[in-house]
Amino acid sequence: MIQRIQTIYLILAFVVTGILPFIFPLWTMSDKVDYFFMQNQVYVILLGLSTTLSVLSIISYKKRQNQFVINRLNMILNLILLGLFVYRSLNLSGETIFVSEKGIGMFLPIIAIVLLVLANKAIKKDEDLVKSVDRLR
């Protein structure tokens, strides 16, 4: 399980969606207060689902097709999350004097999507290898 490169990518995706949002704020408000994902219940649910899907994908390493589909669902979920982050950051009200600063936390779904795409490429490569070996029998 751990010797496969897609497992490493999935573990990194788990770290990006499960651990790093606690460290990096999504943005800094105009009064210099950091805004973390825990302050919005929708963000908590979506990041929790993304983390759960990453763990589920790591556990289902014997079923490559299921792993591929779970990663696709996780990518869609991260795209929705990224869209919500961008929408929220563009519609922050009451910022006429001070402009809020976007934090690194807003870009975590992009990193997760890249890692999931790399994992899916590795899963596809494994699947093609297994099919080519079965063809020779």
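Positions are given from 1, in the same order as the sequence printed here. Computation of the quantities below employed the complete heavy-atom set of this structure, encompassing side-chain atoms and omitting hydrogens, waters and symmetry-equivalent molecules.
We find the CZ-CG distance between R64 and D128 to be 10.0 Å, quoted to the nearest 0.5 Å. Atom CD1 of I80 and atom CG of L49 lie 10.0 Å apart (nearest 0.5 Å). With rounding to the nearest 0.5 angstrom, the CG atom of L26 is 9.0 Å from the CE atom of M38. For the atom pair F85 CZ and N40 CG, the distance stands at 8.5 Å (nearest 0.5 Å). In this structure, the separation between OG on S57 and CG on N71 is 3.5 Å, given to the nearest 0.5 Å. Separation of atoms CG (N78) and CG (L73) is listed at 11.5 Å; rounding is to 0.5 Å.
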*Kindly determine whether I45 and Q41 satisfy side-chain contact (heavy atoms from CB on, under 4.5 Å), including the steps that lead there.*
CA-CA 6 Å; I45 291 170; Q41 190 175 12; 4.1 Å; yes

*Intermediate values then yes/no, side-chain contact (heavy atoms from CB on, under 4.5 Å), L10 and Q67*: CA-CA 10 Å; L10 290 170; Q67 201 175 26; 3.5 Å; yes

*Checking ring-ring contact (aromatic ring centres under 6.0 Å, His included) for the pair F37/F22: CA distance, chi angles, key distance, verdict?*
CA-CA 8 Å; F37 81 101; F22 288 102; 5.1 Å; yes

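No donor-acceptor contact under 3.5 angstrom links the side chains of S60 and N66, judged on distance only. Side chain to side chain, S54 and N74 meet the donor-acceptor criterion of an N or O pair below 3.5 Å.
V114 has its side chain within reach of L118: a pair of non-hydrogen atoms, C-beta onward, lies under 4.5 Å apart.
Residues L46 and F36 are members of one and the same hydrophobic cluster, defined by side-chain heavy-atom contacts under 4.5 angstrom among Ile, Leu, Val, Met, Phe, Trp and Tyr. Taken together through direct or relayed side-chain contacts under 4.5 Å among Ile, Leu, Val, Met, Phe, Trp and Tyr, I123 and F14 form parts of separate hydrophobic clusters. Linking ILVMFWY side-chain heavy atoms closer than 4.5 Å, directly or via other members, places V55 and L108 in a single hydrophobic cluster. Placement of M75 and F68 in two distinct hydrophobic clusters is found when ILVMFWY residues are connected by side-chain heavy-atom separations under 4.5 Å, directly or transitively. One hydrophobic cluster, built from ILVMFWY side chains closer than 4.5 Å, cannot hold both L129 and I8; they sit in different ones.
Taking the six-membered ring for Trp and thresholds of 30 and 60 degrees, Y43 and W27 have ring planes more than 60 degrees apart, a perpendicular arrangement.
Salt-bridge check for R4 with D126: passed, with a basic side-chain N closer than 4.0 Å to an acidic carboxylate O.
The shortest non-hydrogen separation linking A122 to Q6 is CB-OE1, 3.4 Å. Across all non-hydrogen atoms, the minimal contact from L82 to M106 is CD1-O, 3.6 Å. Residues I70 and L53 approach most closely at CG2-O, 3.4 Å, considering heavy atoms.
Of the possible polar contacts, one joining the T17 side chain to the A13 backbone as a donor-acceptor pair under 3.5 Å is found.
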